[in-house]
K.L.:
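Sharing a structure here in structure tokens format.
Small disclaimer: the values here were computed from a predicted structure and weren't measured. Chain letters run A, B, ... following the sequence lines, proteins first, then strands; residues in each count from 1.
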Number of protein chains: 2
Amino acid sequence: MVHSVAVIKNTRERIMAAALDLFAERGVLGTPVTSIEAAAGLSPGSGSFYRHFKDRQELLAAVVEREITRVAKLPVDPSTTDGTRASELAAQLCNDLAFLGELRRLIAILFWERGKAPDVAERVRSLMVERGVELGIAELLLTDPIDVVRADPSAASTVMMCAMVGYFLSMEYFGTPPAEVDPDRFTRTLARLLVRG
Amino acid sequence: MVHSVAVIKNTRERIMAAALDLFAERGVLGTPVTSIEAAAGLSPGSGSFYRHFKDRQELLAAVVEREITRVAKLPVDPSTTDGTRASELAAQLCNDLAFLGELRRLIAILFWERGKAPDVAERVRSLMVERGVELGIAELLLTDPIDVVRADPSAASTVMMCAMVGYFLSMEYFGTPPAEVDPDRFTRTLARLLVRG
DNA sequence: GTCTATACGTGGATAGAC
DNA sequence: GTCTATCCACGTATAGAC
């Protein structure tokens with residue numbers, strides 16, 4: 001029974017896809033429903049949007065939920081987490097940078113929404129931490145750690161995470177890192193500060 | 001000749017002071033002129049605002065300019081930059097964290113304005129970099145540096161700056177650092193990763 | 001399910017009295 | 001220099017035809 005399933009993605013999908021980009025780019029307040037309609041191929045100003053969502057807030061919630069789910073399901077690029085050498089950690093950090101790239105829109109929306117959505121902030125934060133710190137990296141740091149890491153492993157993890165987040169956000173919001181250092185040099189240097197070899 | 005100078009700060013000042021906070025808190029788009037008037041003790045909805053500024057954009061420019069000037073003039077808390085020991089760097093980093101605190105509103109406005117004000121982004125960025133990296137810290141790192149720092153000093157500086165910025169922004173936007181690490185532990189650990197002793 | 005048309009509210013900005 | 005009053009643009013949201 002085929003029921004002639006629509007070949008073209010249905011409108012609800014197109015609205016969500018368009019809104020994700022627009023919300024990340026201009027913020028929720030900065031993207032009127034009219035422009036969402038336009039971006040979704042609907043006539044701007046017609047209330048066609050409202051056949052699919054109650055209002056902009058409901059759309060926002062749906063979009064964020066969907067994107068969190070998508071990102072959470074992304075496979076954890078392994079890159080051999082068994083050894084302890086700096087080059088392996090550097091590779092792991094490169095993966096983490098890519099993961100932050102996937103979180104880009106969510107982070108942008110979060111920043112636009114500032115205090116307005118503490119629950120979203122918390123969920124995005126734990127996505128970052130779980131992926132970046134808990135899952136593999138912490139153990140990597142704990143394998144034959146240097147003195148500083150041994151002295152306070154969670155502080156060292158925090159430094160690592162903050163450096164990554166700071167680098168990523170500098171790129172996103174300043175258009176460039178504090179100095180002119182490319183991702184490869186950055187992750188390599190960070191890794192060498194944290195582990196032996 | 002006293003000319004009876006106004007004891008109460010004049011309205012233009014009050015508007016700018018109010019706007020700085022409101023813009024940082026809710027963004028420019030998120031703070032109607034009416035609310036600026038209210039916050040400045042004027043009747044909201046009266047156009048009294050427009051006797052002092054042409055429009056909101058002009059106000060924004062004035063406010064940002066003024067705040068950049070204020071922050072740039074802040075004295076560079078010295079905290080003895082002569083030695084090379086980790087505790088001294090940590091102290092310096094604590095000062096830097098305080099300095100980022102002074103930049104708080106500018107950074108917030110910058111984030112709200114995203115791509116809209118690349119010139120402001122550049123100026124805030126250089127305020128950060130000049131204060132944090134160029135001015136004292138770079139030399140500190142170069143005095144009897146550890147291998148990693150010697151190998152690529154500007155990459156190491158970048159890691160340091162990014163860690164600081166990442167820590168600061170995590171506090172501001174997530175309400176907490178990636179893990180529960182207070183500023184003191186954070187700066188101490190970061191310092192120990194970067195210098196001998 | 002999308003359109004045209006429209007009612008309504010909020011906020012930007014000006015006019016003119018005081 | 002601040003007020004009241006007002007105009008206008010824009011965006012939200014609904015009604016009803018197709």
K.L.:
Kindly state which residues belonging to residues 48-61 of chain B come within less than 4.0 angstrom of DNA chain C, counting heavy atoms of the residue only, listed by number.
P.N.:
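Close to the strand are B/Tyr50, B/Arg51, B/Asp55, B/Arg56.
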K.L.:
Could you state the atom-to-atom distance from CG of A/Leu42 to P of D/dT12 in whole Å?
P.N.:
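A/Leu42 atom CG is separated from D/dT12 atom P by 14 Å.
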K.L.:
Would you call B/Arg131-B/Asp96 a salt bridge at under 4.0 Å N-O?
P.N.:
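No, B/Arg131 and B/Asp96 are not salt-bridged.
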K.L.:
Applying salt bridge (charged side-chain N to carboxylate O under 4.0 Å, His left out), name anything that partners B/Arg192, two or more places apart in sequence or on another chain.
P.N.:
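Once residues adjacent in sequence are excluded, B/Arg192 has no partner under the salt bridge (charged side-chain N to carboxylate O under 4.0 Å, His left out) criterion.
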K.L.:
Specify the residue among B/Pro32 and A/Gly41 whose closest nucleotide of DNA chain C lies further upstream toward the 5′ end.
P.N.:
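Looking at the nearest nucleotide for each, A/Gly41 comes out on the 5' side.
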K.L.:
Salt bridge (charged side-chain N to carboxylate O under 4.0 Å, His left out) with A/Arg26: which residues, sequence neighbours excluded?
P.N.:
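Applying salt bridge (charged side-chain N to carboxylate O under 4.0 Å, His left out) to A/Arg26 gives none.
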K.L.:
Have a look at A/Ser46 and say if it touches a base, only the backbone sugar-phosphate, or nothing, with a 4.0 Å heavy-atom cut-off.
P.N.:
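Counting heavy atoms under 4.0 Å across all strands, the contact made by A/Ser46 includes a base.
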K.L.:
Under the rule for salt bridge (charged side-chain N to carboxylate O under 4.0 Å, His left out), what residues qualify as partners of A/Arg70, not counting sequence neighbours?
P.N.:
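Residues passing salt bridge (charged side-chain N to carboxylate O under 4.0 Å, His left out) with A/Arg70: A/Glu67, A/Glu102.
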K.L.:
Indicate yes or no: at least one non-hydrogen side-chain atom of B/Asn10 is less than 4.5 angstrom from one of B/Arg14.
P.N.:
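Contact flag for B/Asn10/B/Arg14 side chains = no.
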K.L.:
Of all residues at least two apart in sequence or in a different chain, which pass the salt bridge (charged side-chain N to carboxylate O under 4.0 Å, His left out) check with B/Asp184?
P.N.:
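Expected list: B/Arg188.
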K.L.:
With a distance cut-off below 6.0 Å to the six-membered ring centre and an angular limit of 45° from the axis, does A/Arg105 pair with A/Phe23 as a cation-pi contact?
P.N.:
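No, A/Arg105 and A/Phe23 do not form such a contact.
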K.L.:
Run the numbers on B/Arg125 and B/Glu130 for salt bridge (charged side-chain N to carboxylate O under 4.0 Å, His left out), then give the verdict.
P.N.:
CA-CA 8 Å; B/Arg125 199 186 62 86; B/Glu130 278 157 24; over 6 Å; no
K.L.:
At a heavy-atom distance below 4.0 Å, which nucleotide of DNA chain C is the first touched by chain A, and which is the last?
P.N.:
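Result: C/dT2 to C/dA5.
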